[in-house]
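Take a look at the structure set out below.
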Amino acid sequence: MASDTQGAGPGTPGAGGFLRTLTWVLSAVLVLGLGAFFWFEFSTDTRRSAPRETLRIAVSATPHAALLHVAAAQGYFAREGLDVVMSRVSHGKAALDQLALGKADLATAAEVPFVISVLKGDELGIAATVVNASNEMAVVGRRDRGILSARDLAGKRVGVTLGTSGEYFLWAFLIRHRLAPDAITWVDVLPTRLAHELATGGVDAVATWEPVKSAAETALGAGAITFLEGDAYTVTHVVVGRSEFLKAQPAAIQKLLRALMKAEALVRDDPALALSLVAAQLKLPQETLTPVWNGLDIRVDLRQSQLVTLEDEARWAMARGYAVPGPVPNFLPRLHLDALVALFPDRVTVVR
């Protein structure tokens with residue numbers, strides 16, 4: 001008796017063959033899927049179990065350390081496997097003091113106090129530049145002391161934080177206006193006291209950075225006169241560490257740089273959010289930071305031009321008595337290039 005179902009002809013899979021093929025395909029998909037799942041779980045567990053590293057960073061409570069403030073606020077350090085303990089100080093020189101005392105592994109500061117520390121024998125290196133600013137430092141004077149032009153500073157008491165970029169700026173400002181450095185009386189005042197000293201008449205003028213500049217202007221109101229001199233000096237802020245530490249901790253420094261690059265991307269793509277984060281970190285109104293924020297060149301890099309600036313500042317520091325006059329040090333070994341070259345070589349223009 002003939003069957004109702006015709007047998008499969010040569011080369012034509014029947015029901016059994018089709019089922020065997022389907023079973024094989026499903027099994028392969030299952031195996032691949034499970035393999036991918038276990039690989040992902042293993043990779044994730046490996047990343048989670050990788051030892052986390054701790055960095056103690058002394059950070060100036062100024063917008064110049066914006067990238068570090070943003071990275072901390074957004075959790076970028078943690079995502080890179082870093083436990084960062086940030087201690088906020090009033091200015092970069094104070095941050096370097098924390099580094100010298102062994103209370104910090106890294107510090108943010110302007111180049112001037114870094115240069116002075118190097119001239120005094122400290123074995124320090126720069127991991128990266130984080131900001132440049134050419135028009136945020138200023139001299140703020142009292143109109144009631146007869147200061148109506150830059151040359152009226154002659155014979156006046158000018159408050160400034162010695163050993164910082166404020167002093168270097170004031171020196172350059174005086175030279176630009178054809179005033180000898182000894183034409184004024186230099187009064188050493190901490191940044192936290194500058195606005196108060198100006199308002200109470202302890203000094204006739206101050207030379208400083210933001211947000212102290214705005215505080216000084218607010219303290220005097222209509223009685224203030226401000227002198228900007230963007231061409232006199234472009235201040236650069238850097239991340240500094242002991243040379244031995246930078247060389248011994250390449251993984252930690254690379255994690256730090258990756259976090260800072262993420263912060264830079266946020267500053268570029270959403271400057272309003274970045275500004276709000278920095279203002280919150282510094283506990284300052286956004287309107288106080290907005291003027292200086294727009295003038296900051298926030299970027300992670302190491303530039304050839306930095307070497308020229310460091311050498312100029314070294315000559316100035318020796319002339320100002322911060323070190324015994326002598327040959328200008330070779331600052332090339334002070335630029336810790338390896339970490340940035342390994343991650344973002346296009347951000348390094350130093351000839352090496």
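Quantities reported herein were computed from a predicted structural model and do not represent experimental measurements.
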Exercise for the section: Decide yes or no for Val131 and Leu67: does some side-chain heavy atom of the first lie under 4.5 Å from some side-chain heavy atom of the second? Expected result: no
Exercise for the section: Keeping the roles fixed (side chain from Glu197, backbone from Arg193), state whether a donor-acceptor pair exists under 3.5 Å. Expected result: no
Practice task
Could you tell me whether a side-chain N or O of Arg88 sits under 3.5 Å from a main-chain N or O of Ala61, the two making a donor and an acceptor?
Solution key: no
Problem - Donor-acceptor under 3.5 Å (Arg157 side chain, Gly202 main chain) - result: yes
Practice task
Could you go through the side chain to side chain donor-acceptor pair (under 3.5 Å) check for Thr309 and Glu313 one step at a time?
Solution key: CA-CA 6 Å; Thr309 301; Glu313 290 169 345; 5.9 Å; no
Handout entry: Gap separating the CG atom of Asp346 from the CG atom of Leu343, nearest 0.5 angstrom
Key = 11.0 Å
Practice task
Keeping the roles fixed (side chain from Arg334, backbone from Leu124), state whether a donor-acceptor pair exists under 3.5 Å.
Solution key: yes
Exercise for the section: Identify the residue among Leu99, Leu68, Leu246 that makes a side-chain contact (heavy atoms from CB on, under 4.5 Å) with Leu106. Expected result: Leu246
Practice task
Using a 4.5 Å cut-off on heavy atoms from C-beta on, say whether the side chain of Val350 contacts that of Gln306.
Solution key: no
Practice task
May I ask you to decide if Arg303's main-chain N or O and Asp301's side chain share a donor-acceptor pair within less than 3.5 Å?
Solution key: no
Handout entry: From Leu174 atom CG to Asp182 atom CG, the distance as rounded to the nearest 0.5 Å
Key = 10.0 Å
Practice task
Please work out which of the three classes, parallel, tilted or perpendicular, describes the rings of Tyr168 and Tyr233, given edges at 30° and 60°.
Solution key: perpendicular
Exercise for the section: Hey, could you give me the CG/CG distance between Leu55 and Asp105, rounded to the nearest 0.5 Å? Expected result: 6.0 Å
Problem - With His237 via ring pair (Phe, Tyr, Trp, His ring centres under 6.0 Å) - residues at least two apart - result: His64
Handout entry: Pairwise side-chain contact, Trp293 with Val267, heavy-atom cut-off 4.5 Å (strictly under)
Key = yes
Exercise for the section: For the pair Thr161 (side chain) and Val189 (backbone), establish whether a donor and an acceptor sit closer than 3.5 Å, ignoring hydrogens and angles. Expected result: yes
Practice task
Report the C-alpha separation of Gln98 and Arg56 in whole Å, then their side-chain angles, then the decisive distance to 0.1 Å, and conclude whether the side chain to side chain donor-acceptor pair (under 3.5 Å) test is met.
Solution key: CA-CA 10 Å; Gln98 294 288 302; Arg56 301 169 301 158; over 6 Å; no
Completion exercise
Across all chains, not counting sequence neighbours, the ring pair (Phe, Tyr, Trp, His ring centres under 6.0 Å) partners of Phe169 are Phe173
